[in-house]
Amino acid sequence: MSAVRVRFSPAPSGSLHVGGARTALFNWLFARHHGGVFLVRIEDTDTSRTREAWVTGILETLRWLGLDWDEDPVRQSRRGAAYREAVDHLLATGAAYEAFETPEELEEMHEARRRAGLPPGYDGRARDLTPAQREALRAEGRPVTIRFRTPDEGTSTFVDLVRGPVSVDWATVSDFVIVRADGTPLFFLANAVDDLAMGITHVIRGEDLLDSTHRVLAIRRALGADDEPRYAHLPLILRPDRAKLSKRHGAVAVEEYRDRGYLAAALVNYLALLGWSPPDGREVLDRDELVAAFELDRVNPSAAIFDETKLTWLNGEWMRRLSLDELVTQVRPFVEDRHPDAEPDLVRAGAALGQERSATLVELAEQMEFLFVTDDELEPDDEGCRRLAATERVAELLDAVIDHLERCEWTPDGVDLRPVVRALGLLPRKVMPALYAAVEGRPRGLPLFEAMLLLGRERTLARLRAARARVGDVGAQPLH
RNA sequence: GCCCCCAUCGUCUAGCGGCCCAGGACGCCGCCCUUUCAAGGCGGUAACGGGGAUUCGAAUUCCCCUGGGGGCACCA
């Protein structure tokens with residue numbers, strides 16, 4: 001087999017979503033596994049839907065995911081000359097022809113065919129116009145598009161790497177437009193021309209493009225190509241309600257997951273498991289392990305639902321695997337977003353305590369937030385207030401704790417409150433949440449004694465006294 | 001409407017004729033550990049869509065049905 005050359009070819013009509021990212025990843029894994037070349041091609045022939053910001057955004061997101069490409073990205077918008085040359089050839093050989101229908105006429109045609117039980121499409125009325133007829137239509141000022149002439153009979157078949165042989169009767173495929181009235185090329189044409197020019201050996205993409213393969217291959221042959229790339233159509237990724245993932249619904253943009261505190265390693269790992277699995281059944285795999293294990297023949301053909309819960313679990317796995325240095329680097333932006341002046345040492349200490357208790361960077365940042373708010377700002381959340389109010393003998397407890405912390409040694413052993421709680425005849429499991437609420441603002445969080453050491457004696461006491469004032473004397477009264 | 005693809009626990013999947021009264025993972029439930037919460041350990045819950053056919057034997061092969069998804073554009 002010749003050296004592998006694959007490409008990821010997004011249309012820049014939005015940011016990179018998880019479906020596109022999975023396609024990019026599989027191409028990248030395939031290339032890296034075989035020591036091949038991974039390319040990016042921006043399919044921006046539809047200028048009305050393209051925005052430059054989307055192009056840079058997509059490339060930036062690919063970089064964030066660690067999917068590096070080997071040559072400068074190809075822009076279809078700059079390859080007009082190549083497409084024109086190809087069209088001239090197709091026109092000259094009769095593989096394509098000019099058509100002159102208005103949008104209204106086409107709409108009518110689609111309707112009529114639908115009524116006749118045919119798929120909407122083109123009836124081929126401009127196929128055999130004479131040069132004179134074409135001139136006349138052009139003189140009327142009608143729009144001119146170029147259509148590819150599909151066979152009237154016979155079957156198109158190609159062997160898909162994940163689905164096996166796929167066939168369709170040409171009779172069901174009508175002549176389709178390859179050049180718009182404004183002269184710009186359409187997907188089928190650009191795709192065929194570019195894959196040929198770029199020497200693409202394997203086309204790995206979503207199943208939504210399965211049907212278009214016959215048409216692209218037909219153009220390619222009409223262009224004189226004597227070989228064809230191997231195709232692998234990946235199963236689609238569906239939303240939990242089984243609908244197709246789209247930008248309209250839910251968090252499907254990769255950048256959104258990044259902003260919500262997910263690690264690139266976790267996203268890559270999770271995406272790799274959607275439609276593929278390694279032979280040994282491992283699930284937590286790093287980039288190198290994925291590259292080593294990846295094979296197209298283990299891609300399964302059925303659609304998969306994107307399960308954010310499992311992604312979150314994997315993210316937790318990867319958070320725990322990070323070194324403390326890496327974790328601090330990753331979480332710092334999330335902390336500084338709300339507390340720009342957060343002390344680096346405290347961030348580091350908080351990250352160390354929270355590393356195995358959080359599944360996302362956002363969660364980790366929230367857990368340590370109590371370290372960066374002033375004692376005045378700290379307000380127990382709703383659940384914290386409830387726990388405070390519902391804890392038996394809470395005033396007595398707080399008094400004892402305050403009393404202890406005022407005089408104890410400020411060391412790990414000194415601030416251990418378990419003896420204090422037990423001396424009151426209370427169970428730590430029952431009453432600790434109230435203390436967490438008082439010091440950290442929520443009834444659960446980073447280990448309390450370590451947290452108090454980080455805050456220091458004065459700040460800890462200030463928070464406990466504020467909580468004591470909040471509960472009043474109610475808790476101090478025996479209930480019976 | 002027409003064409004194409006797909007079909008194992010709620011979800012991601014293993015399985016490529018006997019090793020499967022179906023294995024792993026997430027989730028969920030229970031127990032243990034425990035300063036809260038997590039993490040961790042142990043145990044449990046839960047699936048081959050239906051019907052034919054082939055075969056000594058079918059989750060695995062074939063056919064039909066059903067269901068799901070995709071495509072049919074001057075989007076990609």
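Residue numbering restarts at 1 for every chain, and letters A, B, ... go by the order of the sequence lines. As a basis for the values below, the full set of heavy atoms in this structure was taken, side chains included, without hydrogen atoms, waters or symmetry mates.
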Roughly how many Å apart are B:G50 and B:G40, using the P atom of each and rounding to a whole number?
36 Å

Separation between the P atoms of B:C31 and B:U36, rounded to whole Å
15 Å

Within the 4.0 Å heavy-atom criterion, would you say A:Leu106 contacts the bases, only the backbone, or no part of the nucleic acid?
base

Base B:C37 to side chain A:Arg357, donor-acceptor N/O within 3.5 Å cut-off
yes

Give one of base, sugar-phosphate or nothing for A:Gly275, where a contact means two heavy atoms less than 4.0 Å apart.
sugar-phosphate

Describe the nucleic acid contact of A:Arg298 in one word from base, sugar-phosphate, nothing, applying a heavy-atom distance below 4.0 Å.
sugar-phosphate

Could you tell me whether A:Glu450 contacts a base, only the sugar-phosphate backbone, or nothing, with contacts defined as non-hydrogen atoms closer than 4.0 Å?
base

A:Arg7 with A:Glu43: basic N within carboxylate O range, under 4.0 Å
no

With a 3.5 Å cut-off and heavy atoms only, can you find an N or O donor on one side and an acceptor on the other between the side chain of A:Glu356 and the base of B:G40?
no

Of the candidate nucleotides B:C74, B:C5, B:A76, which contains the atom at the shortest distance from the side chain of A:Phe187?
B:A76

To the nearest angstrom, the CZ-P distance between A:Arg163 and B:G70 comes to 13 Å

Need the pair for B:A38. Rule: Watson-Crick or G-U wobble, both distances under 3.5 Å, any strand; none if unpaired.
none

With heavy atoms under 4.0 Å as the rule, sort A:Tyr270 into base, sugar-phosphate or nothing.
nothing

Should A:Arg147 be listed as having a side-chain N or O under 4.0 Å from OP1 or OP2 of B:C74?
yes

Using atom C1' of each nucleotide, how far apart are B:U55 and B:A73 to the nearest Å?
49 Å

Sticking with atom C1', work out how far B:C3 lies from B:U11, rounded to a whole angstrom.
30 Å

Opposite nucleotide pairing with B:C20, Watson-Crick or G-U, both atom distances under 3.5 Å
none

At 4.0 Å (heavy atoms only), tell me whether A:Leu311 reaches a base, stays on the sugar-phosphate, or touches nothing.
nothing

Phosphate contact (B:A76 OP1 or OP2) by A:Asn191 side-chain N/O below 4.0 Å
no

Of the nucleotides B:C75, B:A7, B:A73, which one has an atom closest to the side chain of A:His110?
B:A73

Earlier contact from the 5' end, RNA chain B, for A:Pro10 and A:Ser174
A:Ser174

Mind checking if A:Pro301 touches a base, just sugar-phosphate, or nothing, with heavy atoms under 4.0 Å?
sugar-phosphate

A:Ser167 near the nucleic acid: base, sugar-phosphate alone, or nothing, with a heavy-atom cut-off under 4.0 Å?
sugar-phosphate

For B:A76 and A:Thr45 - does any side-chain N or O of the residue sit under 4.0 Å from the phosphate oxygens OP1/OP2?
yes

Could you tell me the Watson-Crick or G-U partner of B:A47, where both distances fall under 3.5 Å? Say none if there is no partner.
none

Can you see whether A:Asp194 engages A:Tyr83 through a side-chain donor-acceptor pair at a distance of less than 3.5 angstrom?
yes

Under 4.0 Å between any heavy atoms, over every strand shown, what does A:Gly121 touch: base, sugar-phosphate, or nothing? Just pick one.
sugar-phosphate

Kindly confirm whether the side-chain ring of A:Trp313 is stacked on the base of B:C26, judged by centres under 5.5 Å and planes under 30°.
no

Need one value for A:Glu43: base, sugar-phosphate or nothing, where a base atom within 4.0 Å counts as base even if backbone is also close, heavy atoms only.
sugar-phosphate

Ring centroid separation A:Phe38 to A:Phe8 under 6.0 Å:
no

For B:G67, does either OP1 or OP2 sit under 4.0 Å from a side-chain N or O belonging to A:Arg242?
no

With a 4.0 Å cut-off on N to O distance, would you call A:Arg125 and A:Asp123 a salt bridge?
yes

What's the closest nucleotide to the A:Pro103 side chain, out of B:G71, B:C26, B:C74?
B:C74

Nucleotide B:C37, atom P - distance to CE of A:Met319 in whole Å
19 Å

Given the P atoms of B:A7 and B:U61, what is the spacing between them in whole Å?
9 Å

With no angle test and no hydrogens, is the base of B:G70 tied to the side chain of A:Asp211 by a donor-acceptor pair under 3.5 Å?
yes

Output the rounded distance in Å from CG (A:Asp175) to P (B:C74).
12 Å

Please give, in whole Å, the distance from B:A25 C1' to A:Leu273 CG?
9 Å

Kindly say whether the aromatic ring centers of A:Trp276 and A:Phe294 come within a distance under 6.0 Å.
yes

Between A:Lys310 and A:Glu283, does at least one N-O distance fall below 4.0 Å, as a salt bridge requires?
yes

Check if the side chain of A:Arg429 and the base of B:U34 share a donor-acceptor pair of N or O atoms closer than 3.5 Å.
yes

Using a cut-off of strictly less than 4.0 Å, decide whether A:Arg282 has a side-chain nitrogen or oxygen near OP1 or OP2 of B:C12.
no

Using atom types as modelled and distance alone, determine if a side-chain donor or acceptor of A:Asp175 lies under 3.5 Å from a backbone N or O of A:Arg147.
no

Separation between the C1' atoms of B:G24 and B:A46, rounded to whole Å:
14 Å

Winner on side-chain proximity to A:Asp208, out of B:G70, B:C72, B:C75, is B:G70

Provide the Watson-Crick or G-U wobble partner of B:C2, both distances under 3.5 Å; none if there is no partner.
B:G71

Identify, between A:Leu446 and A:Asp241, the residue whose nearest nucleotide on RNA chain B lies closer to the 5' end.
A:Leu446

Under a 3.5 Å cut-off for both distances, is B:A7 Watson-Crick or wobble paired, and to whom?
B:U66

Would you mind classifying the nucleic acid contact of A:Leu448 as base, sugar-phosphate or nothing, using non-hydrogen atoms under 4.0 angstrom?
base

Checking B:C72, B:A14, B:A76 against the side chain of A:Pro120 (C-beta onward), the nearest is B:C72

Looking for any heavy atom pair under 4.0 Å, which part of the strands does A:Pro240 touch: base, sugar-phosphate only, or nothing?
nothing

Roughly how many Å apart are B:G18 and B:G30, using the P atom of each and rounding to a whole number?
40 Å

Heavy atoms only, 4.0 Å cut-off, all strands: where does A:Ala181 land among base, sugar-phosphate and nothing?
base

Does a side-chain N or O of A:Arg320 approach OP1 or OP2 of B:G40 to a distance below 4.0 Å, or not?
yes

Is it true that A:Glu105 and A:Arg142 have a side-chain N and a carboxylate O under 4.0 angstrom from each other?
yes

Does A:Thr309 make a side-chain N or O approach to OP1 or OP2 of B:G27 shorter than 4.0 Å?
no

For residues A:Leu327 and A:Arg348, determine if any side-chain heavy atom of one lies less than 4.5 Å from a side-chain heavy atom of the other.
no

Checking all strands, does A:Glu107 fall into the base, sugar-phosphate, or nothing category for heavy-atom contacts under 4.0 angstrom?
nothing

May I ask you to check whether A:Tyr257 and A:Phe306 place their ring centres under 6.0 Å from each other?
yes

Rounding to an integer number of angstrom, what distance separates B:A14 and B:C9 when you compare their P atoms?
13 Å

